[in-house]
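A quick write-up on the structure given underneath.
Numbers restart at 1 for each chain; the letters A, B, ... are given by sequence-line order, proteins then strands.
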Protein chains: 2
Amino acid sequence: MGDDISSALGRATIDDVAREAGVSTATVSRALRNHAYVAESTRRKVLQAADRLLYVANSNAARLASGQTRTVGLLAPLLTSWYTSEVVAGVEEVFAHARYDLLIGTANPLAREKIFRGDARFQQRIDGVILVDVFCSEDGARQLATLDTPAIVLGERLKSVTSVSVDNARGARLAARHLIDLGHRRIGLVGGHAHLDVVHNVPTERAAGFAAALEAAGLRLPHQFVEDGDFSIEGGRRAMHALMSRTKPPTAVWLMSDEMCFGALQALRELKLVAGRDVSVIGFDDHPASNAFGLTTIRQPVRDIGRLGARLMLDQLEGFGTVMHHPIELNLVERITCGPPPG
Amino acid sequence: MGDDISSALGRATIDDVAREAGVSTATVSRALRNHAYVAESTRRKVLQAADRLLYVANSNAARLASGQTRTVGLLAPLLTSWYTSEVVAGVEEVFAHARYDLLIGTANPLAREKIFRGDARFQQRIDGVILVDVFCSEDGARQLATLDTPAIVLGERLKSVTSVSVDNARGARLAARHLIDLGHRRIGLVGGHAHLDVVHNVPTERAAGFAAALEAAGLRLPHQFVEDGDFSIEGGRRAMHALMSRTKPPTAVWLMSDEMCFGALQALRELKLVAGRDVSVIGFDDHPASNAFGLTTIRQPVRDIGRLGARLMLDQLEGFGTVMHHPIELNLVERITCGPPPG
DNA sequence: CTTCGCAATGCAAGCGCTTACACACTCTGG
DNA sequence: CCAGAGTGTGTAAGCGCTTGCATTGCGAAG
């Protein structure tokens, strides 16, 4: 029946264990939390007693007593994107092992203020905070650093706060060089978030890097070859249609995310154009569906970013960890949406 | 700056509020939690005092004292799939409003046992549990019902436990009829999870419904037209290659998930075949990328399933809610991967 | 003018842990 | 042989809430 199980279930308290093991509750607590100054024999007795009673510590009581929440907050502008959920998955993976909880919050640009000032609702329940893809800049970082909360920023290179990010300029250069090497001269660019009043420096860095790489090859990036794709599939589609409607459209386009590329490929199909032959398309991310699309792209190991971020947070929570930036590798994945310019 | 804020931050306790408002802590607690028997004037005083002190209740203390965890567990076989994360997003959306937390756990088929027996680690920390896509069957459901924990199952029609699901047989019929109406006679099917020792009834129901619909039209589903695509992109690709290598391959294929379709479309491209002209492909889900692929599919409102599940859980937690099944609508979305058979 | 009922509030006992402090040992070295 | 330095364990005071029960008013009924 398993009634024995259910009845014992979730009911054993630390006192029960203490009684069962014949020691005090304090000793049980220490033994279970691997404190020093517990005799090996005692520890074993306690562990066995706990096992016998199926004891699981009540985390609420533990947190209340210790003042530690064992929870870290994660803030991201939007949680539904592939990028974010992948980062979250990486973070969660590491935290699950460390028995930390993740409290997830959305941070639209306007809510950012609150975070830095320390949104009480959030702040009080967490031991630390991970910001993903929240534009924060050195000013914000400095503010963040003055808060007593451990913080780490994902997706941006910072000095005052531990951060993890790819080298966006390098990614842009990789994409540009690939297109240039294939012989393209008329090259377009699709970014996003340009309409936000807040400057988001990821697209900015990428755009700058891209323009610089073109320039280095003696090429220009005319503004009519630049579109905002909103980092969405539909936005990518619209952007590609716009670019293709130019009198002399680009022969190759870099879109700053694979999802925008999906929309762009749709647009090309609608225009009866073949990607990689009539127009070259290169992305950024290496989304799981990109392989199926045959999309050439700049791969970034998103989940790894999440994992690393979580580990850095753990280090910081334990008092290790110095403030520094951790760069993440980027590499070109060639598939079939890029080729030499037509004709 | 903002020191006034930071210093006040997270430090005000219920006693501080009580003092500030000139009432007892008990009254503060009751006022803040909208209990009956609190005079309107008192409630206002308390609310204002709380506001002034930026008071936020310490949830650990509240949970410890009340015995309620205000957390519900969510179990799913794998969390990385689009389907699951979409469901989770829906659930989270509702819970965030209700100020409930979500504790997420993975449940591979073997871990299932534990859930039903009540995995202590999980059980103790939650007020209820939502199972998504965990094959559970009426037996499991009955077991679940005997646990004192509120439970709801997503993705399966059950009698003993409140459940939410689409009508899989109907979805299969929709797909089959669409292909049949287009004139196809040689129709293939790609499912998944056939290799698991556990029978997962979602693919089973869909396969049965599909075979039945074909039969009703006087068609057969020969076993060489059936492949396992593992519900993954790569699996879909392999399955399509396998089907196309038959001496007389099918002219149309239903794959039980859009992600498998992405792989299938890739396979067709690799074979220089055009979807919708040479071979028709129809999916199931309506994944966000499906529109970009031009994929014809059976749409299920996944996020709504999550939302509804969460609301039903809330009802149950509050003592309302009777055990019943909630069916979810399904509909055909026509795009360009289906057409009449060639020739 | 009592008496009763009930709305409104306060008192105080926990909830199940953690941890400072006190205490009791067992070894050392002088 | 004793002081002092560790170890190992217990005692008990909270952590910040919730809630059963007791208490206080106050209006309505008798």
* To do: Count the heavy atoms belonging to other residues, nucleotides or ligands that lie under 6.0 Å from CZ of R157(A), then report whether that count exceeds 12.
  => no
* To do: Give me the one residue out of L131(A), V164(A), V302(A) that meets side chain to side chain contact (heavy atoms under 4.5 Å, CB included) with L154(A).
  => V164(A)
Find out whether [X] and [Y] are in side-chain contact, i.e. whether some heavy atom of one side chain is under 4.5 Å from a heavy atom of the other.
X	Y	result
I305(A)	V166(A)	yes
P301(A)	I328(A)	yes
V153(A)	T162(A)	no
D16(A)	Y55(A)	no

* List for me each residue that meets salt bridge (Lys or Arg N to Asp or Glu O under 4.0 Å) alongside D101(A), sequence neighbours excluded, and say none if there are none. => R63(A), R125(B)
* Do T69(B) and D127(B) get their side chains close enough for a donor-acceptor pair, meaning under 3.5 Å? -> yes
Whole angstroms only, please: what is the [atom1]-[atom2] distance between [X] and [N]?
X	N	atom1	atom2	result
H35(A)	dG6(D)	NE2	C1'	18 Å
R63(A)	dT18(C)	CZ	P	12 Å
Y37(B)	dG5(C)	OH	C1'	11 Å
L32(B)	dT19(D)	CG	P	14 Å

Side-chain donor or acceptor of [X] paired with backbone N/O of [Y] under 3.5 Å:
X	Y	answer
S163(A)	L158(A)	yes
T42(A)	V38(A)	no
S66(B)	A62(B)	yes

* Nucleotide by nucleotide, 5' to 3', does protein get under 4.0 Å of the base (B), only the sugar-phosphate (S), or neither (-) in nucleotides 10-16 of chain D, counting heavy atoms? -> BB--BBB
* Which letter, B, S or -, goes with each nucleotide of nucleotides 23-28 of chain D from 5' to 3', with contact meaning a protein heavy atom under 4.0 Å? -> ------
* Distance below 4.0 Å between R33(B) side-chain N/O and dC17(D) OP1 or OP2 -> no
* Asked: Can you find a side chain N or O atom of S29(A) that sits less than 4.0 Å from OP1 or OP2 on dT18(C)?
  -> yes
* Which residues within residues 39-49 of chain A lie with some heavy atom under 4.0 Å of an atom in DNA chain D? -> A39(A), T42(A)
* Note down the inter-axis angle between the two ends of the helix from dC1(C)-dG30(D) to dG30(C)-dC1(D), five pairs each, to the nearest 10°. => 50°
* Asked: Looking at residues at least two apart in the chain, or sitting in another chain, which of them share a side chain to side chain contact (heavy atoms under 4.5 Å, CB included) with E40(B)?
  -> R43(B), R44(B)
* Do E138(A) and K159(A) pass the salt bridge (charged side-chain N to carboxylate O under 4.0 Å, His left out) test, and can you show the C-alpha distance, the side-chain angles, and the key distance before you say yes or no? -> CA-CA 7 Å; E138(A) 212 55 63; K159(A) 284 209 169 71; 5.5 Å; no
